[in-house]
> 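One structure is given below, represented as structure tokens, and several questions about it will come after.
As a basis for the values below, the full set of heavy atoms in this structure was taken, side chains included, without hydrogen atoms, waters or symmetry mates. Residue numbers begin at 1 in each chain, while the letters A, B, ... track the order of the sequences.
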Protein chains: 2
Amino acid sequence: MTVGIRHDDLRRRNRAMVISAVRRAGQPSRTDIAATTALSPSTISAITADLISEGILVESRAGDAPAARRGRPQVAVRLNANAATILTVVLSMNQLSAALIDYAGETIAEERRKLPTLELSREALVDETVGIVRRLIVAAPDRQPIMRIVLAVQGITDSNERKLLWSPITPHADIDFSAILEKEFGIPVTVENDCNMIAVGLRWRNPERYARDFIAVLLSHGIGMGMVLRGELFTGTQSSGGEFGHMIHRPDGALCRCGRRGCIEAYAGNYAIWRNAKGLPETEAVARDVTDEDIRALADVARSRPGPEREAFRIAGEAIGFGLGNLFALIDPAPVAIVGHGANAFDLIEKPMLDAIARTAGGVHSGAISFDTEPDEMPLIREGCAMRALTFIDQEVFSPAQTAAPGRIVA
Amino acid sequence: MTVGIRHDDLRRRNRAMVISAVRRAGQPSRTDIAATTALSPSTISAITADLISEGILVESRAGDAPAARRGRPQVAVRLNANAATILTVVLSMNQLSAALIDYAGETIAEERRKLPTLELSREALVDETVGIVRRLIVAAPDRQPIMRIVLAVQGITDSNERKLLWSPITPHADIDFSAILEKEFGIPVTVENDCNMIAVGLRWRNPERYARDFIAVLLSHGIGMGMVLRGELFTGTQSSGGEFGHMIHRPDGALCRCGRRGCIEAYAGNYAIWRNAKGLPETEAVARDVTDEDIRALADVARSRPGPEREAFRIAGEAIGFGLGNLFALIDPAPVAIVGHGANAFDLIEKPMLDAIARTAGGVHSGAISFDTEPDEMPLIREGCAMRALTFIDQEVFSPAQTAAPGRIVA
DNA sequence: CTCTTTTTTTCGAGCCTCGAAAAAAATAAT
DNA sequence: ATTATTTTTTTCGAGGCTCGAAAAAAAGAG
């Protein structure tokens, strides 16, 4: 922050800016790029010429809307899909998936598998992860070199984005996935929190709604959160942070999976809804593995008649509402996306949630709050990972600090 | 964010960087500046020459430590105290103060007065503010033009930093102090939250401890908070945000001044401590104006023997602890400064506070948490305001976007 | 009084962006 | 069919900025 700007930074940053503009616009003309970056046409001309000669961009003559206008037609440029390849891995409860993605963001190959994450040994979990990566790499020999791996995992990651510090999906803590995978494959690896990737994915998918400030809440086994503030992904100072689900809703209240008492998750997680619906004591852990199917069944009952099921969803909505209200007290109201299977029961939790928010400081500008739901979180996580990896390539590899981009020129 | 960097931005930013380096270092040599900014000696030479000729910096031959070293002695540069003048105003409960500050940050003149803010009409409150500013300006005719006014006020301000949206010190809401003062004096005005200025002041005073991430909690009539994350002051998306005191500690719990139930302030504010110590019902407002003196007396009793007074402080500590723990769940542990008169009772609240934090997700890395106390908040707020105003001058006036700095050259 | 050391300035080279003008590539008009 | 018009893109020179190398400046050491 205290460091001056050197002359070569200029070109570096403007290169990254042009790449970013192309990534967002898809097939912009040079004029379009000049408009969005506020750089002069001459500068854009020079930079795009460089990027094309380096194989990062390609011209695609067929402008999507030639529209028979007068004048020299625009020549669209787009990302060269072959300029780079990245790999995403998503590790979540009982599920492991990976995908090979080209520079334009299209999926080249994919693999998904079920595995009992809670029961696997540390080594077995690591081996599964290494294995799925290896299979994808081996299956695409023409896609070498792969330039980046991004692994999203449900749990707390460190702020260097290298380790899984703690996760509800495995009893093992402090797994240095970056070191392991980098040693194995020689490719830079980033480890990310799944909800943070959901936030990145949401912004990519709908930049109108999810722009400068928004919140993504994942309702699943546990409660996760990702947040973008002032256009930047919010993280903790030492970890991925944003442990919304473990903010205390009621001091010394219901027992949480994490061992503490009164966490939001202990009222709104799958197991908590089950516990309340079945009238089990809230001071005791839930032995049963509560599935999405269980929750769906409870929701059906809750919709059909008043009773403990409906009350369980009310309690869940209330806990989330107070949590969001407290968050709004800190950051002010912002658009919220309710993601994950729990979004299917949003009709049951919405009213108690809004009632709770209205009882908090965040309820003052409740008009500014709006909710959207997305029951399937996996595609969002994958898209978020892909964007994270591609943004890294755009900035660090194709707009590097020192010499000209060493990126392989691929036809 | 999406906008490219132009060529003239370069010099602008590097100018600001040099000024900032001088402001932080005090009396650095050109070599020192080159080291901290990572710019070349030639560039620093050129920029400092400009700044000196514009009267923003001055050489001060008497290097503070000539130290009889070999070689050409360093020539220190420092800020020209006469380069600009700014004005700070602090409006808090029953108190209004203002100060005229030179470009080096030294106070030129000051005025403080008591006034019953809660009882004043909107017009009277505005008139008092205009009056104190006018008196300071009139009393220093040689200090024209004053380049910036920063007003810190206890309460919620808007994110454009122009209005007081709501405040506990007055029943009147939505006071556009910026518009009023700018119309009156023709000087740009910024309206800030007092706790945010405390955070800025803390960083200025002790940059070692209060660096990239820290939290300032003001314990007074109410509970306020200012926070710096990743080196930047944290604010809400639409307001000053950080309404820590109005996060809900216990849903539907004790009645808060704000009219809601269960806010942290309703357990830890002066009036809440009084209410609990005197055994008054927590569902009723406190009629009495609880003073710092009252709290001091309660604290003395609490220290001398067990009883409701000690319990009241325990409850306050617990509420703050759960609040901080929830904050730490979001941002991870960070150094905390307990500011304001409540810091005098820190010995009473520390233990219950730490106990509460240990019961939250923030307690996991409790080793990373450290507390410091500062009972007198007013000097910090003033310093924060001064720094805010001076930083603005450094960046916007003396490193302007377009033409060369129009700053008056003052000998 | 000369040599050494350190700081600061000077000067030319190399980039970068910009504006203006030219070139390119299409449609519209004659 | 040819010329005029319009819009996009490239070219080219000007102006700024930072940098490195060398020179100048300003001291103490010998």
> Provide, to the nearest angstrom, the distance between the CD1 atom belonging to Ile33(A) and the P atom belonging to dT17(C).
14 Å
> Expressed as a whole number of angstroms, how long is the span from Arg70(A):CZ to dA29(C):C1'?
8 Å
> Hey, does the side chain of Arg12(B) come within less than 4.0 Å of dC17(D)'s phosphate (OP1/OP2), counting only N and O?
no
> Quick one: which of Val189(B), Val191(B), Thr190(B), Ile86(B) gives a side chain to side chain contact (heavy atoms under 4.5 Å, CB included) with Val150(B)?
Thr190(B)
> Output one line per pair: protein atom, nucleotide atom from nucleotides 10-12 of chain C, and distance, for all N/O pairs under 3.5 Å.
none

> How close or far is atom P of dG14(C) from atom NE2 of His7(B), stated in whole angstroms?
16 Å
> Between Asp9(A) (CG) and dT18(D) (P), how many Å, whole number?
11 Å
> Can you tell me how far C1' of dT10(D) sits from CG of Asp50(A), to the nearest Å?
14 Å
> Could you tell me the separation between the CD1 atom of Ile44(B) and the P atom of dT6(C), rounded to a whole number of Å?
21 Å
> Are any of Ser29(B)'s side-chain N or O atoms less than 4.0 Å away from OP1 or OP2 of dT7(C)?
no
> Assess the side chains of Asp32(A) and Ser29(A): does a donor N or O sit below 3.5 Å from an acceptor N or O?
yes
> In whole angstrom, what separates Asp8(A)'s CG from dC19(D)'s C1'?
10 Å
> Compare every heavy atom of Ala21(A) with every heavy atom of Ile33(A), then report the nearest pair and how far apart it is.
CG2-CB, 4.3 Å
> According to ring pair (Phe, Tyr, Trp, His ring centres under 6.0 Å), who are the partners of Tyr210(B), at least two apart in sequence or on a separate chain?
Phe214(B)
> If you only use heavy atoms from C-beta on, which nucleotide in dT8(D), dT17(C), dC15(C) is closest to the side chain of Gln74(A)?
dT8(D)
> Per the side-chain hydrogen bond (donor to acceptor under 3.5 Å, both in side chains) rule, what does the pair list look like for residues 199-208 of chain A, sequence neighbours excluded?
Arg205(A)-Glu383(A)
> Can you tell me which residue pairs pass the ring pair (Phe, Tyr, Trp, His ring centres under 6.0 Å) test with a partner in residues 5-45 of chain A, sequence neighbours excluded?
His7(A)-His7(B)
> Is any NZ, NE, NH1 or NH2 atom of the basic residue among Asp9(A) and Arg6(A) found under 4.0 Å from an Asp or Glu carboxylate oxygen of the other?
no
> Please determine if a side-chain N or O atom of Asn14(B) lies less than 4.0 Å away from the OP1 or OP2 oxygen of dT18(D).
yes
> Check every atom of dT7(C), dT8(D), dT17(C) against the side chain of Thr31(A) and return the nucleotide holding the closest atom.
dT8(D)
> On a heavy-atom basis, which atom in Asp213(B) and which in Leu229(B) lie closest, and how many Å separate them?
OD1-CA, 3.3 Å
> Could you say whether Pro73(A) or Ser40(A) is positioned toward the 5' end of DNA chain C, judged by the nucleotide with the nearest heavy atom to each?
Ser40(A)
> Can you name the residues that form a ring pair (Phe, Tyr, Trp, His ring centres under 6.0 Å) with Phe185(B), not counting sequence neighbours?
none
> Please give, in whole Å, the distance from dG14(C) P to Leu10(A) CG?
19 Å
> dT17(C), dT10(D), dT6(D): which one has an atom nearest the side-chain heavy atoms of Arg30(A)?
dT10(D)
> Does dG16(D) have OP1 or OP2 sitting under 4.0 Å from an N or O in the side chain of Arg11(B)?
no
> Looking only at heavy atoms, which two atoms of Asp332(B) and Gln238(A) are closest? And how far apart?
OD2-N, 2.9 Å
> Using nucleotides 22-25 of chain D, report all nitrogen or oxygen pairs with the protein that are shorter than 3.5 Å.
none

